[in-house]
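As structure tokens, the structure follows; a few thoughts come after it.
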2 protein chains.
Amino acid sequence: MSEPGLACCTPLTGTAMSPGQAEQVAPLLKALADPVRLRLVSLIAASAGGEACVCDLNDAFDLTQATISHHLKVLHTAGLLDRDKRGVWVYYAVRPGALAAVANLFDTAVLTPA
Amino acid sequence: MSEPGLACCTPLTGTAMSPGQAEQVAPLLKALADPVRLRLVSLIAASAGGEACVCDLNDAFDLTQATISHHLKVLHTAGLLDRDKRGVWVYYAVRPGALAAVANLFDTAVLTPA
DNA sequence: AGAGCACATCGACGCACGTCGATGTCTGAA
DNA sequence: TTCAGACATCGACGTGCGTCGATGTGCTCT
């Protein structure tokens, strides 16, 4: 750590997240990085039975039905929500372990230094 | 649960995430919902001492120095990274408890049904 | 068969985001 | 004082995202 242009600090030892792993996890976080989708997941998880139908979710927001349907599709495509059609209604449920996987991410791959 | 247009399922009992809480947490996730920023946080956390200078972070990516500086600013503005200027170099460190707060989010406010 | 409802899809709009090259600011050394 | 290096900021470009109204699809009941 003397002249500029040379190694100025530590060579980044320790195992960090790989680029491939980062590009695999980022879409999951991106799907959750929206106030509406965050509330949607929370509402579904807090519902009785861990599932909720779109009609009820629609009433919880001041948004168009098309917008809610779009957000639900994003969450479903990301693998966070399970879709179950029963007659006229469609029920969404939080995919078991999906959120836990995200939570583990911060406990294992990122937080732990060594 | 008979005629369409009436209450078709459960009235969303249980405590879900409030709209204000969602809009407060979403920016945190949005800051992390990028492969480059995810790797940046991971690299910094995995570095010796839990901190890393920008010059080393720059070499880990095939991106312009301006782009890396931009991503670091986003993470710092979101409250995830601490900035410490020492002479010519700038060291970034993961803000203590910042990632843990995000991890707790999925364990308390969202995951737990009842 | 027809009507009505629940939900998905489509096309379009405005805005925010990721990236870049160029330039500015500050520090330490000659 | 001058110069070179480290990092931030600026302006611009293309792309993606959130939202909407309109329309399509599938189901149920009459």
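Note on naming: letters A, B, ... go to the chains in the order of the sequence lines (proteins, then strands), and numbering restarts at 1 for each one.
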Between [options], which one does the side chain of [X] approach most closely?
X: A/Val90; options: D/dA8, C/dT19, C/dC7; value: C/dC7
X: A/Trp89; options: C/dA6, C/dT19, D/dA6; value: C/dA6
X: B/Thr67; options: C/dC7, C/dC20, C/dG18; value: C/dC20
X: B/Cys55; options: D/dC7, C/dT19, D/dG26; value: D/dC7

Checking all strands, does [X] fall into the base, sugar-phosphate, or nothing category for heavy-atom contacts under 4.0 angstrom?
X: A/Arg37; result: sugar-phosphate
X: A/Asp34; result: sugar-phosphate
X: A/Ile68; result: nothing
X: B/Leu63; result: sugar-phosphate
X: B/Tyr92; result: sugar-phosphate

Rounded to whole angstrom units, what separation is found between the [atom1] atom of [X] and the [atom2] atom of [N]?
X: A/Leu40; N: C/dC7; atom1: CG; atom2: P; result: 13 Å
X: A/Lys85; N: D/dT28; atom1: NZ; atom2: P; result: 9 Å
X: B/Asp84; N: D/dA8; atom1: CG; atom2: P; result: 12 Å
X: A/His71; N: C/dA8; atom1: NE2; atom2: C1'; result: 15 Å
X: B/Arg39; N: C/dG18; atom1: CZ; atom2: P; result: 16 Å
X: B/Leu29; N: D/dC17; atom1: CG; atom2: P; result: 16 Å
X: B/Leu72; N: D/dA6; atom1: CG; atom2: C1'; result: 13 Å
X: A/Asn58; N: C/dC5; atom1: CG; atom2: C1'; result: 13 Å

Problem set entry | Exercise: identify the closest heavy-atom pair between B/Ala78 and B/Leu28 | O-CD2, 3.5 Å
Exercise. If you take atom types as modelled and just measure distance, does the side chain of B/Gln65 reach the base of D/dA6 with a donor-acceptor pair under 3.5 Å?
Worked result: no
For this session: Taking atom types as modelled, find out whether A/Arg83 and A/His76 have a side-chain donor-acceptor pair closer than 3.5 angstrom.
Result: no
Is [X] close enough to [N] that one of its side-chain N or O atoms is under 4.0 Å from OP1 or OP2 there?
X: B/Thr64; N: C/dT19; value: no
X: A/Arg83; N: C/dC7; value: no
X: A/His76; N: C/dA8; value: no
X: A/His70; N: C/dC7; value: no
X: A/Lys73; N: C/dT9; value: yes

Problem set entry | Trace of the side chain to side chain contact (heavy atoms under 4.5 Å, CB included) decision for B/Val54 with B/Tyr92 | CA-CA 7 Å; B/Val54 183; B/Tyr92 281 94; 3.7 Å; yes
Problem set entry | Under 3.5 Å: donor-acceptor pair, side chain of B/Ser69, backbone of B/Gln65 | no
Exercise. When you check the gap from the basic side-chain N to the acidic O, do B/Arg86 and B/Glu51 get nearer than 4.0 Å?
Worked result: yes
Exercise. Step by step, would you call B/Val36 with B/Leu63 a side chain to side chain contact (heavy atoms under 4.5 Å, CB included)?
Worked result: CA-CA 10 Å; B/Val36 175; B/Leu63 293 171; 3.8 Å; yes
Problem set entry | Of B/Lys30 and A/Ala66, the one whose closest DNA chain C nucleotide lies more 5' | A/Ala66
